[in-house]
There are 2 protein chains.
Amino acid sequence: MVNPAGTSGKGPARSKRADAQRNQQTLLTAAAAVFVTSGVDAPIREIAARAGVGMGTIYRHFPTRADLVVAVYRHQVEACAEAGPTLLADAASPLAALAQWVDLFVDFLVTKHGLANAMQSDTSGFDALHTYFLDRLVPVCAQLLDAATDAGEIRPGTRAYELMRGIGNLCISHGSDPRYDPRRLVELLLAGLARN
Amino acid sequence: MVNPAGTSGKGPARSKRADAQRNQQTLLTAAAAVFVTSGVDAPIREIAARAGVGMGTIYRHFPTRADLVVAVYRHQVEACAEAGPTLLADAASPLAALAQWVDLFVDFLVTKHGLANAMQSDTSGFDALHTYFLDRLVPVCAQLLDAATDAGEIRPGTRAYELMRGIGNLCISHGSDPRYDPRRLVELLLAGLARN
DNA sequence: TATTAAACGGAACGTTGTTCCGCTTTCAGT
DNA sequence: ACTGAAAGCGGAACAACGTTCCGTTTAATA
């Protein structure tokens, strides 16, 4: 379950009680704040306390951790997804567009403390995260990848899914180690992708 | 602390009590078995039960999780480290040697359920793992990297530390997803490293 | 065999995830 | 405005796990 709010369902959006809507909003705000300071794997209790609600309320609105994280970052993921076609239209070449788009994705991951880590974690509740992000972004990446392949800029045979996961994995880090810069490695990966 | 057995210390190896030595060996065997079935992050209790000892005994012999994991895999890490110079001497070129060595390292990681994951985990007890593996293998990698750079086979500017961590990250996976093959991505990374 | 210090076992405590149920609040129908 | 069901809420309670601590056991030595 990834859309607890039902905001994009097609049916006649069953309106929830006023206090429920208020709490959901409060929770999103509190979660966003806590994620910044304690990472996306902050204790549920901490988020509940910050929002001034009980833990049951969190679980009712966001049955899994992934639901909460997705809800908090949905706008940014959406923006990243929509940037794909735009970049493809505007950039000098499909490969350039791909590179810029990947930059966007990397920026998104590294600026969220622990997001990349959580996305690969096998801890309860995080597997759905993985699924949601990938479902939304893989098609976009595939489009860019195909365009670059058609233009003969990269060698064929690489799948968007694999590339996305690889990039995600490269973005995993602890604290800020100057010896490890995800961007450099992602750049290397893209260089390996390029024909010649 | 990473060498609880003191087997490689230089001092006059203070002999432990017989039962202590026996238990240490039993623990290593039990841990190795449990790691295969439940991953390296298996509950301490499970390992203790498997070995037929109390939990206190584990903590006495291996104060942190990393100590236990390192002890279990020390031989393989050592073998990997020693393979570096050998490959460099035998392979057709430094780059070929590097590629073969990286293959060895990747094999090691992907065949241990959850090792790569654990190595990047910020969960208590695992940070030392990271440190030990890297301390032992980075110099080896650096030697191969330098040789390849000197031979003009790869472009300069890449650090062994970063490369090793990147490879480690790429090896993180869940179950066996046919859509994600760490080897393909590592190959891509190396391709990006190669000059031209 | 008696002594002692090392080693042992596992109860106990703290932290976190997750569920469950009695109480409270909203709101439609009057 | 009133009222009664239904929706929602809070947090106690339980489970799983890491980690510590101390009374008891046991190997080594005299």
Side-chain angles (χ1 to χ4, degrees), chain A residues 1 4-6 12-28 30-31 34-35 37-69 114 117-118 121-129, chain B residues 1 4-6 12-28 30-31 34-35 37-69 114 117-118 121-129:
Chain A
M1 215 260 245
R14 292 180 25 81
S15 63
K16 307 169 90 159
R17 258 168 55 172
D19 56 346
Q21 288 188 0
R22 220 180 315 126
N23 271 333
Q24 177 150 333
Q25 190 52 50
T26 303
L27 272 175
L28 283 177
V34 171
F35 287 170
T37 62
S38 307
V40 294
D41 50 2
I44 301 285
R45 281 169 175 76
E46 190 178 337
I47 301 171
R50 175 71 166 244
V53 305
M55 288 171 308
T57 303
I58 291 196
Y59 280 101
R60 196 167 317 101
H61 286 290
F62 306 101
T64 77
R65 235 207 185 60
D67 293 320
L68 182 53
V69 177
N117 302 58
S121 166
D122 47 5
T123 312
S124 165
F126 276 131
D127 39 351
L129 238 196
Chain B
M1 218 262 239
R14 294 184 21 83
S15 63
K16 307 168 89 157
R17 256 169 54 170
D19 57 345
Q21 289 187 0
R22 219 178 317 124
N23 271 333
Q24 178 151 330
Q25 191 51 53
T26 303
L27 272 173
L28 283 177
V34 171
F35 287 171
T37 62
S38 306
V40 294
D41 50 0
I44 301 284
R45 280 169 175 77
E46 190 179 337
I47 301 171
R50 175 71 166 245
V53 305
M55 289 170 306
T57 302
I58 290 196
Y59 279 99
R60 195 167 317 103
H61 286 290
F62 307 100
T64 76
R65 235 209 185 59
D67 293 319
L68 182 52
V69 177
N117 303 59
S121 167
D122 46 5
T123 311
S124 166
F126 276 130
D127 38 353
L129 239 195

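Below, chains carry the letters A, B, ... as their sequence lines are ordered, and counting in each starts from 1. This structure is a prediction, so every number in the text was calculated from the model and none was measured.
- A search for side-chain hydrogen bond (donor to acceptor under 3.5 Å, both in side chains) contacts involving B:R17 returns B:D19, not counting sequence neighbours.
- Rounded to whole Å, atom P of C:dA7 lies 13 Å from atom CZ of B:F62.
- The side chain of B:T57 places no N or O atom within less than 4.0 Å of a non-bridging phosphate oxygen (OP1 or OP2) of C:dA7.
- Look at B:N23 and you'll find a side-chain N or O under 4.0 angstrom from OP1 or OP2 of C:dC8.
- In this structure a side-chain-to-backbone donor-acceptor pair under 3.5 Å is missing from A:T57 to A:V53.
- Between B:M55 and A:R65, the residue anchored closer to the 5' end of DNA chain C is B:M55, taking for each the nucleotide with the nearest heavy atom.
- Two residues are said to be in side-chain contact when any heavy atoms from C-beta on lie closer than 4.5 Å; A:F35 and A:V69 meet this criterion.
- When all heavy atoms of B:A30 and B:R50 are compared, the pair lying nearest together is CB-CG, 3.6 Å.
- For A:A42, the side-chain contact (heavy atoms from CB on, under 4.5 Å) partners at least two apart in sequence or on another chain are A:V34, A:S38, A:E46.
- Contact between B:A20 and B:H61 at its shortest, heavy atoms only, is O-CE1, 3.3 Å.
- What separates OH of A:Y59 from C1' of D:dC14 is a distance of 13 Å, to the nearest Å.
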*When you check every protein heavy atom under 4.0 Å of nucleotides 24-30 of chain D, what one-letter string (B, S, -) results, 5' to 3'?*
--BSS--
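- Residues of residues 37-54 of chain A that place a heavy atom closer than 4.0 Å to DNA chain C, in numerical order, are A:P43, A:I44, A:R45.
- A straight line from CZ of B:R60 to P of C:dA6 spans 12 Å, rounded to a whole angstrom.
- Helix bend of the helix from C:dT1-D:dA30 to C:dT30-D:dA1: the angle between its two end axes, each built from five pairs, comes to 10° after rounding to 10°.
- Under the side-chain contact (heavy atoms from CB on, under 4.5 Å) criterion, A:Q21 pairs with A:K16, not counting sequence neighbours.
- Remark: B:H61 is not in phosphate contact with C:dA7, judged by side-chain N or O atoms under 4.0 Å from OP1 or OP2.
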